[in-house]
Amino acid sequence: MASFFQRMKKVPIQYPFAFGMGLSTFKTSASDLLVQKTLEQKEQIDWRRNLAFATFGCFYLGGVQYMIYVPLFSRLFPGAASFAAKSIPAKLKDVQVKFLFF
């Protein structure tokens with residue numbers, strides 16, 4: 001069982017685009033199911049509506065936003081990845097961050 005989880009931890013690293021699309025599809029579909037059952041208290045699930053939400057989650061949230069946030073933002077903000085990898089104390093020591101918040 002431990003080897004299964006070790007392999008699953010590598011999936012987002014090896015296949016970030018596919019993982020993002022799959023996760024966005026799942027969470028958007030699950031959110032709609034939650035709304036239909038709890039807030040709207042429907043007895044029958046509207047699967048056509050759920051498919052529309054899942055499709056939106058897959059292509060827009062998983063695909064388009066990935067293209068915006070990963071390639072485009074890495075060009076616009078080239079130091080962001082190295083800054084995000086720093087520890088919290090190292091981030092707080094960063095002169096540019098102090099300039100922004102203090």
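The shown structure was predicted, so the numbers you read here are calculated from the model rather than taken from an experiment. Note: hydrogens, waters and symmetry copies are ignored here, and every other heavy atom, side chains too, is used.
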Which pairs, with at least one residue in residues 80-90 and sequence neighbours excluded, count as a side-chain hydrogen bond (donor to acceptor under 3.5 Å, both in side chains)?
Lys86-Asp94
For residues Tyr69 and Leu61: do they belong to one hydrophobic cluster (side chain heavy atoms under 4.5 Å, members Ile, Leu, Val, Met, Phe, Trp, Tyr)?
yes
For Gln44, what residues pass the side chain to side chain donor-acceptor pair (under 3.5 Å) criterion, not counting sequence neighbours?
none
Could you grab the distance from atom CG of Leu34 to atom CG of Leu39, nearest 0.5 Å is fine?
7.0 Å
Contacts of Lys42 that satisfy salt bridge (charged side-chain N to carboxylate O under 4.0 Å, His left out) - sequence neighbours left out:
Glu40
Shared hydrophobic cluster for Val64 and Met21 (ILVMFWY, side-chain gaps under 4.5 Å)
no
Write down the atom of Phe53, the atom of Thr28, and the distance for their closest heavy-atom approach.
O-CG2, 3.1 Å
Residues at least two apart in sequence or cross-chain that pass ring-ring contact (aromatic ring centres under 6.0 Å, His included) with Tyr66, listed by chain then number, are Phe17
Applying side chain to side chain contact (heavy atoms under 4.5 Å, CB included), can you list everything that pairs with Ser31, at least two apart in sequence or on another chain?
none
At what distance, to the nearest 0.5 angstrom, does CZ of Phe26 lie from SG of Cys58?
14.0 Å
Listed partners of Phe77 passing ring-ring contact (aromatic ring centres under 6.0 Å, His included), at least two apart:
Phe73
Look at the side chain of Ser74 and the backbone N and O of Pro71, then say whether any donor-acceptor pair between them is shorter than 3.5 Å.
yes
Applying a strict under-4.5 Å side-chain criterion to I, L, V, M, F, W and Y, I'd like to know whether Phe4 and Ile13 cluster together.
no
Determine which pairs satisfy salt bridge (Lys or Arg N to Asp or Glu O under 4.0 Å) with at least one residue from residues 7-20, sequence neighbours left out, and list them in order.
none
Is Val70 reachable from Leu76 through a run of hydrophobic residues whose side-chain heavy atoms are each under 4.5 Å from the next?
no
Could you note down all residue pairs passing salt bridge (Lys or Arg N to Asp or Glu O under 4.0 Å) where residues 58-77 supplies at least one of them, sequence neighbours left out?
none
Side chain to side chain contact (heavy atoms under 4.5 Å, CB included) involving Ser3 - partner list, sequence neighbours excluded
none
Those residues that, when tested against Ser29, pass side chain to side chain donor-acceptor pair (under 3.5 Å) (two or more places apart):
Asn50
Any idea which heavy atoms bring Lys91 and Ala84 closest together, and the distance?
NZ-O, 3.5 Å
Taking only residues two or more places apart in sequence or in another chain, which ones pass ring-ring contact (aromatic ring centres under 6.0 Å, His included) with Phe56?
Tyr60
Those residues at least two apart in sequence (or on a different chain) that pass side chain to side chain contact (heavy atoms under 4.5 Å, CB included) with Ile45 are Leu33, Gln36, Lys37, Trp47
